[in-house]
Chemist: 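Input: one structure, supplied below.
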Amino acid sequence: MTTTDLPLPSTRGATAEGASTTHNTQCTLCESHCGIQVTVTDGKVSRIQGNPDDVFSHGYICPKATALAGLHEDPDRLRTPMRRVGDGFEPVGWDEAFADIGARLRRIRKAHGRRAFGMYLGNPSAHSSAAIYGLLLREALKTPNFFSASSIDQMPHEYAAWKVLGSNVLVPITDIDRTQRLVIIGANPAVSNSSISIMPGAKRRIKAVQDRGGTVVVIDPRRTETAKLADEYVSVRPGGDLYLLLGMLHVLIEEDLCDTAAIARQAVGLPQLRRLVADATPEAVAERAGVDPETIYTLARDHAAAESAVLYCRIGVCQQETGTLVSWLVTVINAVTGNLDRAGGAMFSTPVMDVPRLAKYMSAGHGAWTDRSGRYKSFRGELPAVIMADEILTDGDGQIKAMITVAGNPVSSIPQKGRLDEAMASLDLYVAVDMYITETSRHADYILPPVSPLEREDVGLLMPVFAVRNNIRYQHRSFEPPAGTKDDWEILSLLMLELLPTPLRQIITPLRKPLLGAMNPLRMAAFAVSSGPYGWIRKGRKGISMKRLRDSIGGLDLGPLQPRLRQIIATRDRKVQLAPDEFVDAATALLDRPSGPTSAYDLQLIGRRLLRSNNSWLHNVPSMTSGSNQCTLHMHPDDAKLRGLDQGDMVLVTSDVGKVEVPLHISDDMRPGTVSMPHGWGHRKTGWRHADSLPGANVNDLHDPGRVDTFTGTAAVNNTWVTVAASTAVDAGVAAQA
Ligand SMILES: Nc1nc2c(c(=O)[nH]1)N[C@H]1C(S)=C(S)[C@@H](COP(=O)(O)OP(=O)(O)OC[C@H]3O[C@@H](n4cnc5c(=O)[nH]c(N)nc54)[C@H](O)[C@@H]3O)O[C@H]1N2
Ligand SMILES: Nc1nc2c(c(=O)[nH]1)N[C@H]1C(S)=C(S)[C@@H](COP(=O)(O)OP(=O)(O)OC[C@H]3O[C@@H](n4cnc5c(=O)[nH]c(N)nc54)[C@H](O)[C@@H]3O)O[C@H]1N2
Ligand code: SF4
Ligand SMILES: [Mo]
């Protein structure tokens with residue numbers, strides 16, 4: 001590292017004009033990390049707009065970016081550590097907080113062992129260096145009770161990648177910018193801007209596919225915002241994708257539409273696939289897929305015929321009992337049509353922190369331990385979050401006594417029949433690293449708040465691993481952090497230091513300051529940038545340095561995705577495993593299962609993301625919660641008519657495990673027999689005063705934590721059987737709760 005690569009003050013990336021200063025930085029509220037320009041006038045944000053010079057987002061922003069101002073100025077955002085007193089909180093100094101937390105953590109470790117520690121790492125941690133420090137804290141805790149938002153999100157993709165390509169980090173990325181045929185299954189990037197195939201400004205990118213003569217297809221039970229932009233829309237039954245894909249594979253194999261040269265070069269397992277789908281004709285699977293046979297034939301033939309084509313699947317199919325199987329079949333179809341690892345297909349990044357290259361040295365650690373009931377095996381160092389409440393509430397050896405949550409709100413975001421609320425309240429010690437009093441952190445003994453995103457200086461090394469184009473960008477500060485505040489990485493580092501054995505901790509205590517200086521994420525980033533595949537250490541004068549990155553106006557473009565599977569594949573024989581036994585067996589069993597109703601309830605409930613919402617938060621920023629951005633149940637007009645329901649009626653939604661009351665929105669965008677509701681709502685008893693006053697309910701009260709993806713334990717929240725009735729039938733207790 002040269003001296004110019006050391007972290008510098010934060011004023012870079014700013015231009016001043018009169019009383020205003022404009023900072024070129026990033027919105028890091030979702031994976032896209034869009035480039036933004038934040039204008040600060042008289043100490044306040046006066047404007048936030050897209051940065052046209054950003055090499056990846058090219059000026060695009062969604063409405064959430066402007067919420068950064070509201071978030072920064074929100075009086076409910078915590079600016080100092082808080083300590084529990086009775087039912088409330090009082091401010092406390094950092095040193096006092098760490099000293100007490102440290103002493104209590106060590107006492108618990110001594111009395112009960114490391115299994116008494118639990119940790120939950122939430123979604124926003126992945127959008128800053130916090131994720132890396134969170135994983136280091138996991139190492140310091142050395143507990144098997146580690147959980148994260150990944151187990152209600154992308155674990156099925158990771159498990160399938162592990163089995164098919166040898167590593168969970170090799171989740172293929174959709175080369176949207178070059179494909180001639182984009183088939184989107186269970187994702188709504190026009191609203192979400194996508195995930196794990198990160199494509200800021202997804203709408204523009206979709207339009208570009210069409211502008212160059214390509215085709216966009218959306219497969220979804222709801223005619224989504226993305227479906228409305230597409231050339232074709234296929235309405236699928238919730239949970240029907242597995243059958244649809246098996247039918248497509250049947251056509252590809254039986255009609256000799258596979259790219260045999262690509263398969264011979266890259267893959268093994270075609271004969272097993274042939275046997276698996278021999279009887280899975282489109283006619284045989286149509287009813288279970290909820291798609292007519294002709295459409296299945298056409299989807300398969302068009303995929304094979306396209307110059308390049310890619311199936312992209314995401315949350316809608318991950319959060320299903322068949323999540324891993326669908327993820328597997330998506331990669332299989334991309335591979336057998338010759339679209340794996342080629343331009344316009346499903347590819348792999350070459351990021352500055354070259355995680356794909358390290359894949360073969362990283363173990364997924366499947367089954368290294370289990371939860372105490374033995375139902376769930378660990379996968380890449382964690383257990384599924386649906387079991388967290390049990391591990392806290394069930395007495396006995398290994399029971400969690402102390403929890404740390406980092407940037408997560410699992411009481412809201414995980415289905416748990418209300419038990420996690422009770423569980424978090426029962427802990428001997430609970431430390432929340434969060435800037436709000438949420439449904440979860442309200443139970444904490446200590447809440448340790450990081451700086452606001454506009455006070456953060458960082459380089460996101462993780463997101464480029466899953467970006468649709470290689471790039472690296474810099475997050476400059478728009479505000480100096482006030483004296484005495486800390487960012488996530490410092491808070492997590494100080495927690496780690498508290499976990500050191502006593503003599504070592506005592507030696508290190510006076511060295512904390514220089515030690516923290518050395519642990520600064522910007523140093524880590526400087527090393528990654530300089531020593532990675534593009535860095536000056538390898539490439540000499542042509543290579544990039546931290547200084548060049550920091551001085552760039554919109555980051556550095558590092559070119560399109562490159563074919564590199566041969567170099568990075570981590571399977572033993574270095575071939576794509578098209579037919580892992582456990583997947584073939586599970587798919588065979590599902591094909592043998594007869595079609596027909598699987599529940600006494602009559603409607604299937606799926607999720608819906610809203611443009612001006614961010615999972616369970618941002619609802620305290622008033623501009624995010626006006627207009628149609630509401631927690632409503634969408635239903636097809638025929639279903640509403642059948643139940644005598646009108647637009648705007650309050651309805652009671654009932655499942656096997658719970659009830660919620662929400663307003664009805666009738667829309668023929670819904671597939672008949674399917675209803676949809678967003679997650680993350682129904683705030684009560686939090687420190688979010690505006691959010692608490694809003695109507696809405698938590699959809700996770702309806703989902704059964706026992707219904708999970710078979711292989712990973714990922715919560716299957718996208719296909720829950722419910723009934724819906726006018727809420728005049730509601731008993732007063734439920735209405736009050738909703
Ligand atoms: N039913 C249903 N449930 C779902 C989903 C669904 O589709 N349907 N989606 C799931 C998905 S994909 C995800 S990723 C999860 C998310 O679930 P979680 O990760 O558990 O929760 P979030 O709603 O993202 O809450 C983030 C918390 O972090 C805090 N926070 C924000 N920024 C920072 C920061 O920089 N540092 C720190 N320390 N804290 C911060 C916020 O105040 C908030 O409390 O929700 C999941 N839950
Ligand atoms: N505005 C906004 N943007 C976000 C977020 C947010 O909360 N708000 N969250 C961020 C996060 S954490 C993530 S992980 C990403 C997720 O990004 P996406 O994966 O795009 O998530 P969704 O928008 O929920 O899209 C899931 C789609 O799956 C469909 N679906 C449900 N069940 C099925 C099924 O059985 N089969 C098929 N084929 N489709 C089904 C739903 O109708 C929905 O359209 O979004 C990110 N971006
Ligand atoms: S898509 Fe929206 S929330 Fe995500 S980074 Fe871009 S502006 Fe921020
Ligand atoms: Mo997510």
Side-chain angles (χ1 to χ4, degrees), residues 26-34 36 50 57 60-68 71 77 120-128 130 148-150 152-154 184-189 191-196 200-202 218-222 224-227 234 236-241 244 313-320 326 385 405-415 432-436 438-441 448-453 456 487-488 491 604 606-618 674 676-680 698-700 702-703 715 717-719:
Q26 287 183 313
C27 167
T28 54
L29 290 173
C30 86
E31 293 171 40
S32 289
H33 286 198
C34 297
I36 53 172
S57 57
Y60 171 83
I61 50 167
C62 83
K64 279 180 288 173
T66 57
L68 284 168
L71 179 64
R77 182 170 63 79
Y120 176 87
L121 194 57
N123 172 269
S125 71
H127 305 156
S128 75
S148 81
S150 300
I152 190 169
D153 188 339
Q154 84 278 7
I184 299 171
I185 310 181
N188 187 14
V191 165
S192 68
N193 280 296
S194 83
S195 163
I196 314 197
V218 169
I219 302 176
D220 198 300
R222 183 169 80 90
T224 59
E225 294 75 357
T226 312
V234 176
V236 68
R237 191 177 66 71
D241 307 85
L244 171 67
C313 73
R314 201 53 190 94
I315 279 290
V317 292
C318 259
Q319 298 162 331
Q320 299 275 358
V326 169
T405 62
V406 179
N409 188 9
V411 167
S412 170
S413 54
I414 309 291
V433 183
D434 203 301
M435 62 262 248
Y436 282 110
T438 69
E439 286 81 356
T440 310
S441 67
L448 307 177
V451 295
S452 112
R456 179 170 286 151
D487 201 352
D488 281 316
I491 300 171
Q604 282 171 287
I606 61 170
R608 187 174 82 248
R609 272 180 166 69
L610 304 177
L611 191 59
R612 281 179 289 130
S613 168
N614 202 17
N615 296 318
S616 77
W617 68 297
L618 282 195
T674 304
S676 96
M677 189 177 147
H679 68 284
N698 186 350
V699 74
N700 280 325
L702 294 170
H703 299 304
V717 296
N718 252 320
N719 183 7

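Position 1 is the first residue of the sequence, and the numbers go up from there. Atoms within each ligand, like the ligands themselves, are counted from 1 in listed order.
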Chemist: Run the side chain to side chain contact (heavy atoms under 4.5 Å, CB included) test on L29 and W617 for me, step by step, so that the C-alpha distance in whole Å, both residues' side-chain angles and the decisive distance to 0.1 Å come before the verdict.
Modeler: CA-CA 10 Å; L29 290 173; W617 68 297; 3.6 Å; yes
Chemist: Any sub-3.5 Å donor-acceptor pair from Q604's side-chain atoms to P238's backbone N or O?
Modeler: yes
Chemist: Does any N/O atom on Y436 come nearer than 3.5 Å to any N/O atom on ligand 1?
Modeler: no
Chemist: Suppose I only count heavy atoms of G408 and a 4.0 Å limit; which atoms of ligand 1 are within that range?
Modeler: 19 (O), 20 (O), 27 (C), 28 (O)
Chemist: Any side-chain donor paired with an acceptor under 3.5 Å for E439 and N409?
Modeler: yes
Chemist: For ligand 1, note which part of D488 has a heavy atom under 4.0 Å away: side chain, backbone, both or neither.
Modeler: side chain
Chemist: Could you tell me, atom by atom, which parts of ligand 1 come under 4.0 Å of a heavy atom of V699?
Modeler: 1 (N)
Chemist: Using a 4.0 Å cutoff against the non-hydrogen atoms of V433, which atoms of ligand 1 qualify?
Modeler: 37 (C), 38 (N), 39 (N)
Chemist: Mind checking whether I315 and S195 have side chains closer than 4.5 Å, heavy atoms only?
Modeler: no
Chemist: Are there any protein N/O/S atoms under 2.8 Å from atom 8 (Fe) of ligand 3, and if so, which?
Modeler: C27 SG
Chemist: Between Q26 and I36 (side chain of the first, backbone of the second, donor and acceptor by atom type, cut-off under 3.5 Å), is there such a pair?
Modeler: no
Chemist: Ignoring hydrogens and angles, state whether a donor on the side chain of N188 or T226 is under 3.5 Å from an acceptor on the partner side chain.
Modeler: yes
Chemist: Between the main-chain N or O of D153 and the side-chain N or O of S150, is there a donor-acceptor pair closer than 3.5 Å?
Modeler: no
Chemist: Output the list of atoms in ligand 1 that are nearer than 4.0 Å to some heavy atom of H703, sorted by atom number.
Modeler: 1 (N)
Chemist: Would you find a donor on one side and an acceptor on the other, under 3.5 Å apart, between the side chain of N718 and the backbone of G607?
Modeler: yes
Chemist: What's the verdict on side chain to side chain contact (heavy atoms under 4.5 Å, CB included) for R609 and N615, showing C-alpha distance, side-chain angles and the deciding distance?
Modeler: CA-CA 8 Å; R609 272 180 166 69; N615 296 318; 3.1 Å; yes
Chemist: Any side-chain heavy-atom pair from C313 and I219 closer than 4.5 angstrom?
Modeler: no
Chemist: Any idea which atoms of ligand 1 are less than 4.0 Å away from a heavy-atom of Y120?
Modeler: 17 (O), 18 (P), 19 (O), 20 (O)
Chemist: So which bit of P450 gets within less than 4.0 Å of ligand 1, heavy atoms only: side chain, backbone, both or neither?
Modeler: side chain
Chemist: Keeping R314 on the side-chain end and G186 on the backbone end, is there a donor-acceptor pair under 3.5 Å?
Modeler: no
Chemist: Of all the heavy atoms in A130, does at least one lie under 4.0 Å from an atom in ligand 1?
Modeler: no
Chemist: Of all the atoms in ligand 1, which lie at a distance below 4.0 Å from a heavy atom belonging to P410?
Modeler: 20 (O)
Chemist: How are the rings of H127 and H33 set to each other: parallel, tilted or perpendicular (split at 30° and 60°)?
Modeler: perpendicular
Chemist: Backbone N or O of A407 within a donor-acceptor pair of the D434 side chain at under 3.5 Å?
Modeler: no
Chemist: For ligand 2, find each of its N or O atoms that sits under 3.5 Å from a protein N or O atom, and tabulate the pairs with distances to one decimal place.
Modeler:
{"from": "ligand 2", "atom 1": "1 (N)", "to": "K64", "atom 2": "NZ", "distance (Å)": "3.4"}
{"from": "ligand 2", "atom 1": "1 (N)", "to": "L610", "atom 2": "O", "distance (Å)": "2.8"}
{"from": "ligand 2", "atom 1": "1 (N)", "to": "L611", "atom 2": "O", "distance (Å)": "3.3"}
{"from": "ligand 2", "atom 1": "1 (N)", "to": "S613", "atom 2": "O", "distance (Å)": "3.3"}
{"from": "ligand 2", "atom 1": "3 (N)", "to": "K64", "atom 2": "NZ", "distance (Å)": "3.1"}
{"from": "ligand 2", "atom 1": "7 (O)", "to": "N615", "atom 2": "N", "distance (Å)": "2.8"}
{"from": "ligand 2", "atom 1": "7 (O)", "to": "N615", "atom 2": "OD1", "distance (Å)": "3.4"}
{"from": "ligand 2", "atom 1": "8 (N)", "to": "L610", "atom 2": "O", "distance (Å)": "3.3"}
{"from": "ligand 2", "atom 1": "8 (N)", "to": "S613", "atom 2": "O", "distance (Å)": "2.6"}
{"from": "ligand 2", "atom 1": "9 (N)", "to": "R609", "atom 2": "NE", "distance (Å)": "2.9"}
{"from": "ligand 2", "atom 1": "17 (O)", "to": "S192", "atom 2": "OG", "distance (Å)": "3.2"}
{"from": "ligand 2", "atom 1": "19 (O)", "to": "I315", "atom 2": "N", "distance (Å)": "3.3"}
{"from": "ligand 2", "atom 1": "20 (O)", "to": "N188", "atom 2": "N", "distance (Å)": "2.8"}
{"from": "ligand 2", "atom 1": "20 (O)", "to": "S192", "atom 2": "OG", "distance (Å)": "2.7"}
{"from": "ligand 2", "atom 1": "24 (O)", "to": "R609", "atom 2": "NH1", "distance (Å)": "2.9"}
{"from": "ligand 2", "atom 1": "25 (O)", "to": "N188", "atom 2": "N", "distance (Å)": "3.4"}
{"from": "ligand 2", "atom 1": "28 (O)", "to": "G186", "atom 2": "O", "distance (Å)": "3.4"}
{"from": "ligand 2", "atom 1": "35 (O)", "to": "G239", "atom 2": "N", "distance (Å)": "2.8"}
{"from": "ligand 2", "atom 1": "35 (O)", "to": "D241", "atom 2": "OD1", "distance (Å)": "3.3"}
{"from": "ligand 2", "atom 1": "35 (O)", "to": "Q320", "atom 2": "NE2", "distance (Å)": "2.7"}
{"from": "ligand 2", "atom 1": "36 (N)", "to": "D241", "atom 2": "OD1", "distance (Å)": "2.7"}
{"from": "ligand 2", "atom 1": "36 (N)", "to": "D241", "atom 2": "OD2", "distance (Å)": "3.4"}
{"from": "ligand 2", "atom 1": "38 (N)", "to": "G186", "atom 2": "N", "distance (Å)": "3.4"}
{"from": "ligand 2", "atom 1": "38 (N)", "to": "I219", "atom 2": "O", "distance (Å)": "3.1"}
{"from": "ligand 2", "atom 1": "38 (N)", "to": "D241", "atom 2": "OD2", "distance (Å)": "2.7"}
{"from": "ligand 2", "atom 1": "42 (O)", "to": "D220", "atom 2": "OD1", "distance (Å)": "2.7"}
{"from": "ligand 2", "atom 1": "42 (O)", "to": "D220", "atom 2": "OD2", "distance (Å)": "3.4"}
{"from": "ligand 2", "atom 1": "44 (O)", "to": "D220", "atom 2": "OD2", "distance (Å)": "2.7"}
{"from": "ligand 2", "atom 1": "45 (O)", "to": "R609", "atom 2": "NE", "distance (Å)": "3.3"}
{"from": "ligand 2", "atom 1": "47 (N)", "to": "S192", "atom 2": "O", "distance (Å)": "3.0"}

Chemist: Counting each atom of ligand 1 from 1 as listed, which ones have a heavy atom of T438 under 4.0 Å away?
Modeler: 44 (O)
Chemist: Quick one: does C27's side chain get under 4.5 Å of L68's, heavy atoms only?
Modeler: yes
Chemist: Would you say that P63 contacts L611 through its side chain, given a criterion of any heavy-atom pair below 4.5 Å between the two side chains?
Modeler: yes
